[in-house]
Amino acid sequence: MQKKHIDFIFQTLDKLYPNADTELKFSNDFQLVLAVVMSAQTTDKQVNKVTENLFKIIKTPQDVLNLWLEKLTKSISSINYYKNKAKHIFWLSKMLDENPWLLCPDLEELQKLPWVWIKTAKVVSYVLFGSKVIAADTHVHRVSNRLWLVNTKTPEKTSQTLEKIVPDKYKQIAHHTLILFGRYLCIARNPKCESCPFTQICEYKKSL
Ligand code: SF4
């Protein structure tokens with residue numbers, strides 16, 4: 001992978017999305033963990049709709065435990081897999097209430113929490129603690145392949161490869177800018193190539 005190619009991509013993405021950040025709404029670390037857990041197979045917009053009211057009453061793990069599982073399940077019923085997510089949020093809150101130190105930058109510690117797998121752990125560690133990791137969802141996976149940053153079959157492999165090839169100076173922006181680019185420009189079907197700054201280097205566009 002040419003350094004010039006990587007520099008061009010991330011410098012361009014940085015200009016395109018100078019204030020790139022998570023689109024999930026939260027007001028403390030615990031709420032961010034819950035929002036990320038809820039966002040699996042669900043859009044950030046749907047999660048924000050649910051959390052707009054929920055996070056007025058849930059600010060700590062104890063608040064979740066006080067709410068009861070039935071009420072929590074009902075409150076998040078508009079998102080995918082809400083029954084499972086409610087159960088896991090309940091157990092996650094119980095575990096964090098008893099072991100608050102698990103909410104830390106360490107990926108292994110974070111993964112001890114229910115429903116927190118490697119991708120979720122990386123997002124939490126990156127957003128809350130600025131860790132130099134690059135979580136890959138379907139957007140990051142798709143656009144990284146289209147831009148020829150990686151040549152991978154799975155988001156997990158994309159994440160590992162990006163972490164190896166992307167210099168540390170771009171790791172603070174890589175995850176968020178790639179997501180925004182995939183969400184709004186290089187969308188899965190009908191990417192908006194006419195507005196894209198990468199048409200000259202995009203292998204995918206050339207194959208269309
Ligand atoms: S040219 Fe089109 S397919 Fe290629 S990166 Fe840009 S939007 Fe995506």
Side-chain angles (χ1 to χ4, degrees), residues 1-26 32 35-51 79-81 107 117-208:
M1 174 64 51
Q2 280 190 346
K3 182 181 171 299
K4 251 172 77 180
H5 182 78
I6 295 175
D7 282 339
F8 174 64
I9 287 172
F10 286 104
Q11 286 167 12
T12 306
L13 285 173
D14 195 24
K15 274 186 210 142
L16 208 54
Y17 306 109
N19 302 311
D21 203 348
T22 177
E23 294 191 309
L24 291 169
K25 302 264 197 305
F26 61 99
L32 185 269
V36 177
V37 166
M38 282 189 243
S39 72
Q41 309 290 321
T42 304
T43 65
D44 288 359
K45 267 188 195 160
Q46 285 172 299
V47 173
N48 288 339
K49 259 190 207 164
V50 162
T51 57
I79 61 172
N80 295 332
Y81 308 111
L107 299 178
W117 293 297
I118 186 66
K119 180 166 79 78
T120 307
K122 283 185 180 181
V123 173
V124 170
S125 187
Y126 166 74
V127 173
L128 294 183
F129 304 102
S131 300
K132 291 183 169 54
V133 291
I134 305 178
D137 64 355
T138 55
H139 296 303
V140 173
H141 175 59
R142 180 180 67 257
V143 304
S144 298
N145 275 279
R146 284 182 179 176
L147 290 170
W148 212 244
L149 281 167
V150 300
N151 183 12
T152 51
K153 299 271 184 254
T154 64
E156 289 76 17
K157 195 72 197 153
T158 298
S159 169
Q160 291 163 7
T161 310
L162 287 174
E163 284 170 4
K164 272 189 212 140
I165 63 159
V166 174
D168 280 357
K169 62 179 172 178
Y170 299 130
K171 284 196 174 131
Q172 276 307 302
I173 60 157
H175 174 74
H176 285 144
T177 53
L178 288 169
I179 284 192
L180 292 175
F181 182 61
R183 201 172 273 168
Y184 298 111
L185 246 177
C186 189
I187 45 188
R189 289 181 202 168
N190 304 321
K192 298 177 181 170
C193 302
E194 66 286 354
S195 312
C196 178
F198 300 120
T199 45
Q200 295 305 315
I201 60 160
C202 176
E203 296 297 322
Y204 182 80
K205 169 92 168 52
K206 287 177 197 162
S207 71
L208 290 176

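Quantities reported herein were computed from a predicted structural model and do not represent experimental measurements. Read the numbers this way: they start at 1 and go in the same order the structure lists the ligands and their atoms. Numbers here simply count residues along the sequence, with the first being 1.
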* So do Leu16 and Tyr184 actually touch side chain to side chain, heavy atoms under 4.5 Å? -> no

* Residue, atom name and distance, where the atom is the protein heavy atom closest to atom 2 (Fe) of ligand 1 -> Cys193 SG, 2.3 Å

* Among protein heavy atoms, which lies nearest atom 3 (S) of ligand 1, and at what distance? -> Tyr204 CD2, 3.4 Å

* N/O/S atom of Cys202 inside 2.8 Å of atom 4 (Fe) of ligand 1, strictly under -> yes

* **Region of Phe181 that comes within reach of ligand 1 [heavy atoms, distance under 4.0 Å]** => side chain

* **Qualifying residue for side chain to side chain contact (heavy atoms under 4.5 Å, CB included) with Lys122, from Leu107, Ile134, Val127** => Leu107

* Asked: Applying the ring pair (Phe, Tyr, Trp, His ring centres under 6.0 Å) test to His176, which of Tyr126, Tyr170, Tyr17, Phe181 qualifies?
  -> Tyr126

* So, Cys196 and atom 6 (Fe) of ligand 1: N/O/S under 2.8 Å, yes or no? -> yes

* Of the protein's non-hydrogen atoms, which lies at the shortest distance from atom 8 (Fe) of ligand 1, and what is that distance? -> Cys186 SG, 2.4 Å

* Asked: Once you round to the nearest 0.5 Å, how far does CG of Leu149 lie from NE2 of His5?
  -> 5.0 Å

* Asked: Ion pair present between Lys4 and Asp7, side-chain N to carboxylate O less than 4.0 angstrom?
  -> no

